[in-house]
> 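Below you will find the structure I want to go over with you.
We count ligands from 1, going down the list as the structure has it; atoms in each ligand are counted the same way.
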Amino acid sequence: MKKEKLILAYSGGLDTSCCLNWLKDKGFEVICFSANLGSEFLPKEIKTKAKEGGAFNVYVKDLREEFSKNYILPALKAGALYQNKYLLSTALGRPLIAKYLVEIARSENAKFVAHGCSAKGNDQIRLELAVKSLAPDLEIIAPLRSWELKSREEEIDYARKNKISVESTKNKIYSIDKNIWGVSIEAGLLEDLDNSVPEEAYILTKSAQAALDDSEEVEIEFSEGCPVKINKKAMEFTDIIESLNKIGGRHAIGRTDLIEDRVVGIKSREIYEAPAAWILHKALAEIEELVFTKDMLEFKEIIAKRYADLVYHGFWFYELKDSLDAFLKESSTKLTGKVLFKLYKGNVVTLKRSSKYSLYKKSLATYGKKDLFSREWAEGFINILANPFRRGK
Ligand code: ARG
(Lines give C-alpha, C1' and ligand atoms only; values in the text may rest on other atoms or scores of the structure.)
Protein backbone atom coordinates (compact mmCIF):
# COMPACT_ATOMS: atom_id res chain seq x y z
CA MET A 1 0.00 0.00 0.00
CA LYS A 2 1.23 3.50 -0.81
CA LYS A 3 2.34 5.45 2.25
CA GLU A 4 0.48 8.65 3.18
CA LYS A 5 2.55 11.81 3.03
CA LEU A 6 2.78 13.94 6.15
CA ILE A 7 4.50 17.28 6.79
CA LEU A 8 6.09 17.53 10.23
CA ALA A 9 7.09 20.85 11.81
CA TYR A 10 10.57 19.80 12.83
CA SER A 11 13.26 21.50 14.90
CA GLY A 12 15.70 18.65 15.45
CA GLY A 13 15.12 18.76 19.22
CA LEU A 14 14.08 15.84 21.36
CA ASP A 15 10.30 16.12 20.86
CA THR A 16 10.26 16.47 17.11
CA SER A 17 13.00 13.87 16.62
CA CYS A 18 10.90 11.36 18.56
CA CYS A 19 7.83 12.47 16.57
CA LEU A 20 9.62 11.78 13.32
CA ASN A 21 10.49 8.25 14.40
CA TRP A 22 7.03 7.58 15.81
CA LEU A 23 5.22 8.84 12.71
CA LYS A 24 7.48 6.81 10.47
CA ASP A 25 6.65 3.72 12.56
CA LYS A 26 2.98 4.50 12.10
CA GLY A 27 3.54 4.15 8.37
CA PHE A 28 3.75 7.77 7.20
CA GLU A 29 6.12 9.11 4.59
CA VAL A 30 7.39 12.00 6.73
CA ILE A 31 8.53 15.25 5.15
CA CYS A 32 10.19 17.55 7.68
CA PHE A 33 9.90 21.31 7.60
CA SER A 34 12.18 23.55 9.64
CA ALA A 35 11.76 27.30 9.86
CA ASN A 36 14.61 29.59 10.75
CA LEU A 37 13.05 32.44 12.71
CA GLY A 38 16.34 33.33 14.35
CA SER A 39 17.48 30.48 16.54
CA GLU A 40 21.01 29.14 16.45
CA PHE A 41 20.03 27.54 13.22
CA LEU A 42 22.28 25.25 11.26
CA PRO A 43 20.36 24.17 8.16
CA LYS A 44 22.90 21.51 7.24
CA GLU A 45 22.76 19.87 10.64
CA ILE A 46 18.99 19.92 10.68
CA LYS A 47 18.85 18.34 7.24
CA THR A 48 21.31 15.64 8.17
CA LYS A 49 19.55 14.89 11.44
CA ALA A 50 16.14 14.66 9.77
CA LYS A 51 17.49 12.43 7.01
CA GLU A 52 19.22 10.19 9.53
CA GLY A 53 16.00 10.05 11.48
CA GLY A 54 14.25 8.68 8.42
CA ALA A 55 12.68 11.76 6.84
CA PHE A 56 11.69 11.23 3.24
CA ASN A 57 12.47 14.84 2.44
CA VAL A 58 13.45 17.98 4.35
CA TYR A 59 12.54 21.61 3.76
CA VAL A 60 14.56 24.26 5.53
CA LYS A 61 13.55 27.89 5.13
CA ASP A 62 15.01 31.14 6.37
CA LEU A 63 11.87 33.06 7.29
CA ARG A 64 13.41 35.81 9.39
CA GLU A 65 12.43 38.56 7.00
CA GLU A 66 8.85 37.46 6.55
CA PHE A 67 8.65 36.97 10.31
CA SER A 68 9.81 40.48 11.08
CA LYS A 69 7.81 42.28 8.38
CA ASN A 70 4.50 40.46 8.54
CA TYR A 71 4.32 39.14 12.10
CA ILE A 72 6.56 41.14 14.43
CA LEU A 73 5.92 44.55 12.89
CA PRO A 74 2.11 44.45 13.19
CA ALA A 75 2.46 43.29 16.81
CA LEU A 76 4.94 46.08 17.51
CA LYS A 77 2.58 48.65 16.00
CA ALA A 78 -0.20 47.22 18.11
CA GLY A 79 1.91 47.48 21.25
CA ALA A 80 0.96 43.86 21.93
CA LEU A 81 2.13 42.78 25.37
CA TYR A 82 0.69 39.78 27.22
CA GLN A 83 0.23 40.10 30.97
CA ASN A 84 2.53 43.12 31.05
CA LYS A 85 5.64 41.00 30.61
CA TYR A 86 5.57 38.98 27.40
CA LEU A 87 6.12 40.54 23.98
CA LEU A 88 4.91 37.33 22.33
CA SER A 89 8.04 36.10 20.56
CA THR A 90 7.06 32.44 20.51
CA ALA A 91 3.38 33.12 19.90
CA LEU A 92 4.08 35.26 16.82
CA GLY A 93 6.19 32.57 15.17
CA ARG A 94 3.57 29.84 15.23
CA PRO A 95 1.13 31.11 12.60
CA LEU A 96 4.04 31.62 10.22
CA ILE A 97 5.22 28.04 10.73
CA ALA A 98 1.64 26.87 10.19
CA LYS A 99 1.41 28.87 6.98
CA TYR A 100 4.40 27.01 5.56
CA LEU A 101 3.19 23.63 6.81
CA VAL A 102 0.08 24.26 4.74
CA GLU A 103 2.01 25.51 1.70
CA ILE A 104 4.30 22.51 1.71
CA ALA A 105 1.38 20.13 2.28
CA ARG A 106 -0.28 21.65 -0.80
CA SER A 107 2.77 21.45 -3.01
CA GLU A 108 3.50 17.88 -1.87
CA ASN A 109 -0.13 16.89 -2.13
CA ALA A 110 -0.10 15.71 1.47
CA LYS A 111 -3.25 15.29 3.53
CA PHE A 112 -1.55 15.29 6.94
CA VAL A 113 0.48 17.73 8.99
CA ALA A 114 2.02 17.12 12.42
CA HIS A 115 3.77 18.99 15.20
CA GLY A 116 5.68 18.19 18.37
CA CYS A 117 3.77 20.41 20.80
CA SER A 118 2.53 19.13 24.10
CA ALA A 119 -1.07 18.76 25.23
CA LYS A 120 -0.96 21.51 27.81
CA GLY A 121 0.96 24.13 25.90
CA ASN A 122 -0.22 27.09 23.88
CA ASP A 123 1.70 26.23 20.76
CA GLN A 124 -0.50 23.28 19.75
CA ILE A 125 -3.43 25.69 19.81
CA ARG A 126 -1.70 28.36 17.76
CA LEU A 127 -0.43 25.94 15.12
CA GLU A 128 -3.67 24.07 14.83
CA LEU A 129 -5.96 27.10 14.75
CA ALA A 130 -3.79 28.57 12.00
CA VAL A 131 -3.85 25.33 9.98
CA LYS A 132 -7.59 25.00 10.47
CA SER A 133 -8.22 28.50 9.26
CA LEU A 134 -5.92 28.21 6.22
CA ALA A 135 -6.65 24.63 5.25
CA PRO A 136 -9.56 23.09 7.11
CA ASP A 137 -9.34 19.90 5.09
CA LEU A 138 -5.87 18.95 6.36
CA GLU A 139 -5.69 16.38 9.11
CA ILE A 140 -3.50 17.33 12.07
CA ILE A 141 -1.57 14.79 14.09
CA ALA A 142 -0.09 15.66 17.48
CA PRO A 143 2.01 12.67 18.60
CA LEU A 144 2.68 14.14 22.03
CA ARG A 145 -1.04 13.96 22.73
CA SER A 146 -1.47 10.40 21.61
CA TRP A 147 1.73 8.46 22.13
CA GLU A 148 2.44 6.22 25.07
CA LEU A 149 5.41 8.27 26.38
CA LYS A 150 4.36 10.03 29.56
CA SER A 151 7.36 12.15 30.55
CA ARG A 152 10.51 13.72 29.23
CA GLU A 153 12.48 10.87 30.84
CA GLU A 154 10.47 8.28 28.92
CA GLU A 155 11.04 10.25 25.76
CA ILE A 156 14.77 10.20 26.32
CA ASP A 157 14.63 6.41 26.80
CA TYR A 158 12.59 6.11 23.62
CA ALA A 159 15.14 8.25 21.80
CA ARG A 160 18.03 6.11 23.03
CA LYS A 161 16.27 2.90 22.06
CA ASN A 162 15.63 4.24 18.60
CA LYS A 163 19.15 5.60 18.15
CA ILE A 164 18.03 9.21 18.08
CA SER A 165 20.91 11.37 19.28
CA VAL A 166 20.10 13.16 22.54
CA GLU A 167 22.63 15.92 22.99
CA SER A 168 23.13 17.22 26.46
CA THR A 169 22.37 20.85 25.77
CA LYS A 170 20.61 23.62 27.67
CA ASN A 171 17.53 22.56 25.76
CA LYS A 172 17.44 19.48 27.90
CA ILE A 173 17.72 21.29 31.22
CA TYR A 174 15.12 23.88 30.22
CA SER A 175 12.64 24.04 27.42
CA ILE A 176 13.78 26.88 25.21
CA ASP A 177 12.25 28.56 22.22
CA LYS A 178 14.33 31.23 20.55
CA ASN A 179 13.69 33.55 17.65
CA ILE A 180 14.74 37.07 16.71
CA TRP A 181 11.95 38.63 18.80
CA GLY A 182 13.02 36.89 21.98
CA VAL A 183 13.75 33.77 23.97
CA SER A 184 11.25 31.79 26.07
CA ILE A 185 12.72 29.60 28.79
CA GLU A 186 10.69 27.22 30.92
CA ALA A 187 10.64 23.94 32.86
CA GLY A 188 13.41 22.20 34.80
CA LEU A 189 14.26 23.90 38.08
CA LEU A 190 12.23 26.96 37.05
CA GLU A 191 9.08 24.96 37.84
CA ASP A 192 9.90 25.39 41.52
CA LEU A 193 8.93 28.95 42.36
CA ASP A 194 11.44 29.05 45.18
CA ASN A 195 14.24 28.88 42.67
CA SER A 196 15.50 32.12 41.25
CA VAL A 197 16.68 31.94 37.68
CA PRO A 198 20.27 30.77 37.41
CA GLU A 199 22.42 33.17 35.41
CA GLU A 200 23.41 30.46 32.95
CA ALA A 201 19.80 30.01 31.88
CA TYR A 202 19.95 33.31 30.00
CA ILE A 203 21.04 33.38 26.40
CA LEU A 204 20.74 36.96 25.14
CA THR A 205 21.19 39.18 28.14
CA LYS A 206 23.73 39.99 30.81
CA SER A 207 22.67 40.55 34.39
CA ALA A 208 22.73 44.14 35.66
CA GLN A 209 25.86 43.29 37.67
CA ALA A 210 27.67 41.86 34.67
CA ALA A 211 26.43 44.53 32.25
CA LEU A 212 28.76 47.21 30.95
CA ASP A 213 29.62 49.83 33.54
CA ASP A 214 29.31 52.60 30.98
CA SER A 215 25.94 53.64 29.69
CA GLU A 216 25.27 53.69 25.97
CA GLU A 217 23.06 55.95 23.90
CA VAL A 218 21.01 54.61 21.05
CA GLU A 219 18.82 56.57 18.67
CA ILE A 220 15.97 54.82 16.93
CA GLU A 221 14.16 56.33 14.00
CA PHE A 222 10.71 55.25 12.88
CA SER A 223 8.87 55.81 9.65
CA GLU A 224 5.13 55.15 9.82
CA GLY A 225 5.55 52.84 12.78
CA CYS A 226 8.43 50.87 11.31
CA PRO A 227 11.95 51.19 12.75
CA VAL A 228 14.20 52.30 9.90
CA LYS A 229 17.45 53.58 11.43
CA ILE A 230 19.62 53.01 14.43
CA ASN A 231 22.09 55.74 15.31
CA LYS A 232 21.29 57.40 11.98
CA LYS A 233 22.21 54.31 9.98
CA ALA A 234 19.47 52.95 7.70
CA MET A 235 18.93 49.25 8.21
CA GLU A 236 16.44 46.54 7.36
CA PHE A 237 13.98 45.84 10.17
CA THR A 238 15.37 42.34 10.73
CA ASP A 239 18.89 43.74 11.11
CA ILE A 240 17.62 46.42 13.48
CA ILE A 241 16.14 43.73 15.70
CA GLU A 242 19.27 41.64 15.63
CA SER A 243 21.46 44.61 16.37
CA LEU A 244 19.26 45.87 19.25
CA ASN A 245 19.32 42.39 20.76
CA LYS A 246 23.08 42.73 21.01
CA ILE A 247 23.08 46.31 22.23
CA GLY A 248 20.27 45.76 24.74
CA GLY A 249 21.62 42.40 25.84
CA ARG A 250 24.93 43.85 26.94
CA HIS A 251 23.05 46.38 29.10
CA ALA A 252 20.82 43.81 30.77
CA ILE A 253 17.67 44.99 29.01
CA GLY A 254 14.63 42.82 28.44
CA ARG A 255 14.44 40.08 31.08
CA THR A 256 11.08 39.14 32.56
CA ASP A 257 9.92 36.36 34.86
CA LEU A 258 6.18 35.73 34.44
CA ILE A 259 3.70 33.48 36.16
CA GLU A 260 1.75 33.15 33.00
CA ASP A 261 -1.86 32.18 32.40
CA ARG A 262 -1.88 29.67 29.61
CA VAL A 263 -4.77 29.17 27.24
CA VAL A 264 -5.53 25.79 28.83
CA GLY A 265 -6.17 27.45 32.17
CA ILE A 266 -3.03 26.64 34.09
CA LYS A 267 -0.40 28.98 35.42
CA SER A 268 3.18 28.31 34.37
CA ARG A 269 6.42 30.11 34.98
CA GLU A 270 8.08 31.50 31.92
CA ILE A 271 11.31 33.43 31.69
CA TYR A 272 11.69 35.78 28.76
CA GLU A 273 14.56 37.66 27.23
CA ALA A 274 13.67 40.20 24.59
CA PRO A 275 16.09 43.16 24.50
CA ALA A 276 15.24 44.45 21.02
CA ALA A 277 11.54 43.90 21.51
CA TRP A 278 11.47 45.91 24.74
CA ILE A 279 13.56 48.74 23.35
CA LEU A 280 11.39 49.05 20.25
CA HIS A 281 8.15 48.67 22.20
CA LYS A 282 9.17 51.49 24.49
CA ALA A 283 10.49 53.63 21.64
CA LEU A 284 7.27 53.42 19.68
CA ALA A 285 5.27 54.21 22.80
CA GLU A 286 7.35 57.39 23.18
CA ILE A 287 6.46 58.48 19.66
CA GLU A 288 2.79 57.68 20.26
CA GLU A 289 2.82 59.78 23.40
CA LEU A 290 4.05 62.69 21.35
CA VAL A 291 1.80 62.45 18.29
CA PHE A 292 -1.44 60.81 19.40
CA THR A 293 -4.31 62.70 20.95
CA LYS A 294 -5.40 61.56 24.37
CA ASP A 295 -8.42 59.65 23.13
CA MET A 296 -6.30 57.98 20.48
CA LEU A 297 -3.83 56.87 23.16
CA GLU A 298 -6.63 55.49 25.28
CA PHE A 299 -8.20 53.66 22.40
CA LYS A 300 -4.82 52.29 21.41
CA GLU A 301 -4.56 50.65 24.83
CA ILE A 302 -7.70 48.68 24.10
CA ILE A 303 -6.32 47.63 20.72
CA ALA A 304 -3.00 46.61 22.29
CA LYS A 305 -4.66 44.43 24.88
CA ARG A 306 -7.01 42.79 22.39
CA TYR A 307 -4.22 42.24 19.87
CA ALA A 308 -1.99 40.59 22.47
CA ASP A 309 -4.82 38.28 23.49
CA LEU A 310 -5.52 37.31 19.90
CA VAL A 311 -1.85 36.54 19.25
CA TYR A 312 -1.42 34.67 22.51
CA HIS A 313 -4.54 32.57 21.96
CA GLY A 314 -3.64 31.71 18.38
CA PHE A 315 -6.18 33.80 16.48
CA TRP A 316 -3.80 35.13 13.84
CA PHE A 317 -5.56 34.29 10.59
CA TYR A 318 -8.72 35.79 11.90
CA GLU A 319 -11.15 38.46 10.86
CA LEU A 320 -10.88 40.60 13.99
CA LYS A 321 -7.08 40.55 13.81
CA ASP A 322 -7.22 41.69 10.18
CA SER A 323 -9.54 44.54 11.12
CA LEU A 324 -7.27 45.62 13.94
CA ASP A 325 -4.38 45.58 11.44
CA ALA A 326 -6.35 47.92 9.20
CA PHE A 327 -6.78 50.32 12.12
CA LEU A 328 -3.07 50.11 12.92
CA LYS A 329 -2.08 50.68 9.32
CA GLU A 330 -4.01 53.93 9.35
CA SER A 331 -3.02 55.10 12.83
CA SER A 332 0.66 54.32 12.39
CA THR A 333 1.03 56.73 9.45
CA LYS A 334 1.72 59.35 12.15
CA LEU A 335 4.37 57.28 13.91
CA THR A 336 7.33 58.91 12.23
CA GLY A 337 10.08 60.31 14.38
CA LYS A 338 13.11 59.65 16.55
CA VAL A 339 13.79 58.56 20.09
CA LEU A 340 17.09 58.79 21.90
CA PHE A 341 17.59 56.34 24.75
CA LYS A 342 20.30 55.83 27.29
CA LEU A 343 20.80 52.19 28.23
CA TYR A 344 22.28 51.46 31.58
CA LYS A 345 22.20 48.33 33.74
CA GLY A 346 18.74 47.14 32.82
CA ASN A 347 17.25 50.62 32.37
CA VAL A 348 16.06 52.29 29.22
CA VAL A 349 16.00 56.02 29.88
CA THR A 350 14.43 58.41 27.41
CA LEU A 351 16.66 61.37 26.62
CA LYS A 352 14.91 62.89 23.60
CA ARG A 353 12.01 62.33 21.26
CA SER A 354 10.82 64.21 18.19
CA SER A 355 8.36 63.87 15.35
CA LYS A 356 7.10 66.05 12.54
CA TYR A 357 3.61 65.12 13.75
CA SER A 358 4.31 66.14 17.33
CA LEU A 359 1.31 67.62 19.13
CA TYR A 360 3.49 69.10 21.84
CA LYS A 361 3.42 72.89 21.62
CA LYS A 362 5.88 74.64 23.83
CA SER A 363 3.99 77.88 23.24
CA LEU A 364 0.99 76.38 25.05
CA ALA A 365 2.91 74.42 27.67
CA THR A 366 5.37 77.06 28.77
CA TYR A 367 5.16 79.03 32.00
CA GLY A 368 7.63 81.48 30.53
CA LYS A 369 7.18 84.78 28.73
CA LYS A 370 6.20 83.41 25.35
CA ASP A 371 3.06 81.75 26.70
CA LEU A 372 0.24 81.76 24.13
CA PHE A 373 -2.22 79.99 26.41
CA SER A 374 -4.82 82.62 27.14
CA ARG A 375 -5.79 82.83 30.82
CA GLU A 376 -9.37 83.77 29.86
CA TRP A 377 -9.92 80.36 28.29
CA ALA A 378 -9.90 78.63 31.64
CA GLU A 379 -12.79 80.19 33.52
CA GLY A 380 -15.54 79.62 30.95
CA PHE A 381 -14.24 76.15 30.31
CA ILE A 382 -14.47 75.23 33.98
CA ASN A 383 -17.98 76.69 34.20
CA ILE A 384 -19.09 74.45 31.36
CA LEU A 385 -17.48 71.43 32.99
CA ALA A 386 -19.33 72.24 36.19
CA ASN A 387 -22.77 72.29 34.51
CA PRO A 388 -23.67 68.65 35.27
CA PHE A 389 -23.43 69.16 39.01
CA ARG A 390 -24.80 72.67 39.34
CA ARG A 391 -27.44 72.82 42.05
CA GLY A 392 -30.24 75.31 42.48
CA LYS A 393 -30.94 77.92 39.83
N1 ARG B 1 4.71 30.34 27.22
C2 ARG B 1 5.14 30.91 26.00
C3 ARG B 1 4.00 31.02 25.02
O4 ARG B 1 3.03 30.38 25.19
C5 ARG B 1 6.31 30.24 25.39
C6 ARG B 1 6.22 28.78 25.11
C7 ARG B 1 7.42 28.37 24.35
N8 ARG B 1 7.96 27.17 24.64
C9 ARG B 1 9.10 26.93 25.34
N10 ARG B 1 9.68 25.83 25.12
N11 ARG B 1 9.60 27.77 26.19
O12 ARG B 1 4.07 31.76 24.07
> When you measure from the side chain of Arg94 to the backbone N and O of Gly314, does any donor-acceptor pair fall under 3.5 Å?
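Not a single qualifying donor-acceptor pair exists.
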
> Would you mind checking which non-hydrogen protein atom is closest to atom 4 (O) of ligand 1, with the distance to 0.1 Å?
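Heavy-atom neighbour on the protein nearest atom 4 (O) of ligand 1: Asn122 ND2, 2.6 Å.
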
> Would you say Tyr86 contacts ligand 1, with heavy atoms under 4.0 Å as the rule?
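Tyr86 counts as a contact of ligand 1 under the 4.0 Å cut-off.
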
> Counting non-hydrogen protein atoms only, what is the nearest one to atom 10 (N) of ligand 1? Give residue, atom name and distance.
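Of the protein heavy atoms, Ser175 OG, 2.5 Å lies nearest.
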
> Side chains of Thr205 and Arg255: donor-acceptor distance under 3.5 Å anywhere?
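On atom types as modelled, these side chains qualify, holding a pair under 3.5 Å.
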
> Any idea which protein heavy atom is nearest atom 2 (C) of ligand 1, and the distance to it?
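It is Tyr272 OH, 3.1 Å.
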
> Check whether the side chains of Tyr59 and Glu108 place a donor and an acceptor atom closer than 3.5 Å, and report yes or no.
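Checked: Tyr59/Glu108 side chains pair up, N/O donor to acceptor below 3.5 Å.
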
> Is there a donor in the side chain of Tyr82 and an acceptor in the side chain of Asp261, or the other way round, less than 3.5 Å apart?
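Side-chain D/A pair, Tyr82 to Asp261: absent.
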
> Could you check whether any side-chain N or O of Trp181 sits under 3.5 Å from a backbone N or O of Leu87, counting only pairs where one atom can act as donor and the other as acceptor?
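Answer holds: yes.
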
> At under 4.0 Å between heavy atoms, which part of Asp123 makes contact with ligand 1: side chain, backbone, both or neither?
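Looking at Asp123 and ligand 1, just side chain atoms fall under 4.0 Å.
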
> Number the atoms of ligand 1 from 1 as they appear, then name those within less than 4.0 Å of a heavy atom of Arg126, with their elements.
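Those qualifying, in numeric order: 3 (C), 4 (O), 12 (O).
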
> Give a yes or no on whether a salt bridge exists between Lys232 and Glu219, defined as a side-chain N under 4.0 angstrom from a carboxylate O.
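Here Lys232 pairs with Glu219 in a salt bridge, since their nearest N and O are under 4.0 Å apart.
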
> Where on Glu260 is there a heavy atom closer than 4.0 Å to ligand 1, on the side chain, on the backbone, on both, or on neither?
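Contact part for Glu260 vs ligand 1: side chain (C-beta onward).
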
> Has Ser332 got a side-chain atom pairing as donor or acceptor with Leu328's backbone, closer than 3.5 angstrom?
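Checking the backbone N and O of Leu328 against the side chain of Ser332, a donor-acceptor pair under 3.5 Å is found.
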
> Indicate yes or no for a side-chain donor-acceptor contact from Asn245 to the backbone of Ala276 under 3.5 Å, with no hydrogens or angles considered.
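Looks like yes, one N/O pair under 3.5 Å.
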
> Give me the residue, atom name and distance of the protein heavy atom closest to atom 8 (N) of ligand 1.
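Among all protein heavy atoms, the one nearest atom 8 (N) of ligand 1 is Glu186 OE2, 3.7 Å.
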
> State whether the shortest distance between N or O atoms of Arg94 and N or O atoms of ligand 1 falls below 3.5 angstrom.
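No: no nitrogen or oxygen of Arg94 is under 3.5 Å from one in ligand 1.
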
> Taking both backbone and side-chain atoms of Glu270, is any N or O found less than 3.5 Å from an N or O belonging to ligand 1?
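Yes; at least one N/O pair falls below 3.5 Å.
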
> Tell me, which protein residue and heavy-atom name are nearest atom 7 (C) of ligand 1, and how many Å apart are they?
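Checking every protein heavy atom, the shortest distance to atom 7 (C) of ligand 1 gives Thr90 CG2, 3.6 Å.
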
